[in-house]
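Here's the structure, in structure tokens; my notes come after.
Below, chains carry the letters A, B, ... as their sequence lines are ordered, and counting in each starts from 1.
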Number of protein chains: 2
Amino acid sequence: MSEKGISKAVIKRLPRYYRYLGELLEAGVERISSGELSERMKVTASQIRQDLNNFGGFGQQGYGYNVRYLHDEIGKILGLNRIHNMVIIGAGNLGQALANYASFERSGFRTVGLFDVNPVLQGVTVRGIPIRMVDELPEFIKENKVEIATLTLPKSRAKEMAQLLVEYGIRAIWNFAHTDLNLVLPRDVIVENVHLSESLMRLSYNLTSYEEKHKTNK
Amino acid sequence: MSEKGISKAVIKRLPRYYRYLGELLEAGVERISSGELSERMKVTASQIRQDLNNFGGFGQQGYGYNVRYLHDEIGKILGLNRIHNMVIIGAGNLGQALANYASFERSGFRTVGLFDVNPVLQGVTVRGIPIRMVDELPEFIKENKVEIATLTLPKSRAKEMAQLLVEYGIRAIWNFAHTDLNLVLPRDVIVENVHLSESLMRLSYNLTSYEEKHKTNK
DNA sequence: TAGATTGTTAATCGATTAACAATC
DNA sequence: TAGATTGTTAATCGATTAACAATC
């Protein structure tokens, strides 16, 4: 019953399939073959079929895949068929920006609380959510069945806060701090990293190496 | 002279090496072996040596790597040894949050302009940067030698804006819109994606599949 | 010189692509 | 039934790890 050993590479692609299927759905497309989808997404049809077959046979020979069905099934695999309660820890610029992002709500990710250590922020509200102090966290997490904590704290404070959050019962951390939390947390806690500065460095690498490559041609 | 064919997997790891070396540097560590570094970073020593040797021999047999030297060399490889001028297109919550991020500045990424299509925002300033209207873009990009555009626009507007930016001379796009720009842009334009919603879905997948796996044990 | 550790080649492992039999 | 397209096995390709000779 339990899926096991699905590779990270496959999981990484699932949300993109989900997005394309959502767009097809909106466009009123009813069925699609791996061949057609492969053209749109610029991946091989073989990869699409292999990826999907990690989770089951969603298609039908001679027909292809029903768009709505496949979209919903991938949604279920991704856990989008239920509500996930989140708190945001760190109500600085990024924390507030994420709290304002209504679009996560549509996929079932509901921000129920916003926390900070700075007393000046206490009571300030963002999109109707008041900023609370972190000492209220243990109770809040239990009462609101919070699964996910978004960490938008400076790296100096992130590790200890992550450990506290886990003590308080948080199951997953969406980590925006520039540090590797997974090395200090139990393995059964999910950590998903968004390292913006690293993303920017990769961009910079590509920019730089592209220029290097073409310098001689000028 | 020109590096070619460095795999994406390697490039993805470079910023992390850079971060660890920066921390060692701050901690006053002078030299480090691939073995020691491998323990800290939880990767194999072999991988570290292989990765680095894509770019040159930075170490010394019997000694290891000089921390400062290696840090600086990786910095150069990543293009962090010069200033990159950026504009942010889309001055909503996320755009403003990114404009407020002083820490990118320290790696040489300088936000010189902030643009939006909404006239209501015209003249509002964020961290001293006034929000401008997009019709000023062509001139602004040329005058300020802007290389990178950060796209924090709703997906409906992202593709056409990306195409305009490229016409205006932008060399790279840091894409926060939920859409695949690379499919509509020339191949020599660098696109680095930050798909927050996809990141959240991967987190949700891991959370869900972990629960599935342990459900039976209860 | 002896010990340590790199740079690099070879072996293994995993992921992607190709091929095709199964089947709608 | 014939045509289309999946599900799945086999072949290829690439990335990671192991091993070790080179060398500081």
Inset, instruction - Show your reasoning for whether side chain to side chain contact (heavy atoms under 4.5 Å, CB included) applies to A/Arg110 and A/Asn85. - result: CA-CA 5 Å; A/Arg110 185 163 59 191; A/Asn85 290 331; 3.2 Å; yes
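The interatomic distance linking B/Asp51 (CG) with D/dA18 (P) rounds to 15 Å, in whole Å. Atoms CD1 (B/Ile48) and C1' (C/dT6) sit 12 Å apart, rounded to a whole Å. One interatomic measurement links the two molecules: CG of A/Asn53 to P of C/dA15, which rounds to 16 Å at whole-angstrom precision. As a whole-Å value, the separation of A/Leu52 CG from D/dG7 C1' is 11 Å. Put simply, CG on A/Asn54 is 10 Å from P on C/dT16, counting in whole angstrom units. We find that CD of A/Gln47 is positioned 15 Å from P of D/dT6, with the value rounded to whole Å. Counting to the nearest Å, the P atom of C/dT5 and the CG atom of B/Leu37 are 13 Å from each other.
Counting only Watson-Crick and G-U wobble pairs whose two key distances fall under 3.5 Å, DNA chain D forms stems of three or more stacked pairs at C:3-24 with D:3-24.
A/Phe104 has its ring centre less than 6.0 Å from the ring centre of A/Trp174.
Around atom NZ of A/Lys155, more than 12 heavy atoms belonging to other residues, nucleotides or ligands sit under 6.0 Å away.
A salt bridge is defined here as a Lys NZ or Arg NE, NH1 or NH2 lying under 4.0 Å from an Asp or Glu carboxylate O, and A/Arg82 with A/Glu147 meets this definition.
Below 30°, between 30° and 60°, or above 60°: for A/Phe58 and A/Tyr69 the angle between ring planes is above 60°, a perpendicular geometry. Below 30°, between 30° and 60°, or above 60°: for A/Tyr18 and A/His71 the angle between ring planes is below 30°, a parallel geometry. Aromatic ring pairs are classed by plane angle as parallel below 30°, tilted from 30° to 60° and perpendicular above 60°; the pair A/Phe115 and A/Phe140 is perpendicular.
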Taking only N/O atoms, report every protein-nucleotides 19-21 of chain D pair under 3.5 Å with atom names and distance.
{"unit_1": "D/dA19", "atom_1": "N6", "unit_2": "B/Arg49", "atom_2": "NH2", "d": "3.2"}

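Between A/Gln163 and A/Leu185, some side-chain heavy-atom pair lies under the 4.5 Å cut-off. Two residues are said to be in side-chain contact when any heavy atoms from C-beta on lie closer than 4.5 Å; A/His195 and B/Pro15 fail this criterion.
For D/dT8, its base never sits under 3.5 Å from the side chain of A/Gln50 at any donor and acceptor pair.
Listed by residue number, the members of residues 8-36 of chain B with any heavy atom below 4.0 angstrom from DNA chain D are B/Ala9, B/Arg13.
In this model, the phosphate group of C/dG7 is not approached by any side-chain N or O of B/Tyr63 to a distance below 4.0 Å at OP1 or OP2.
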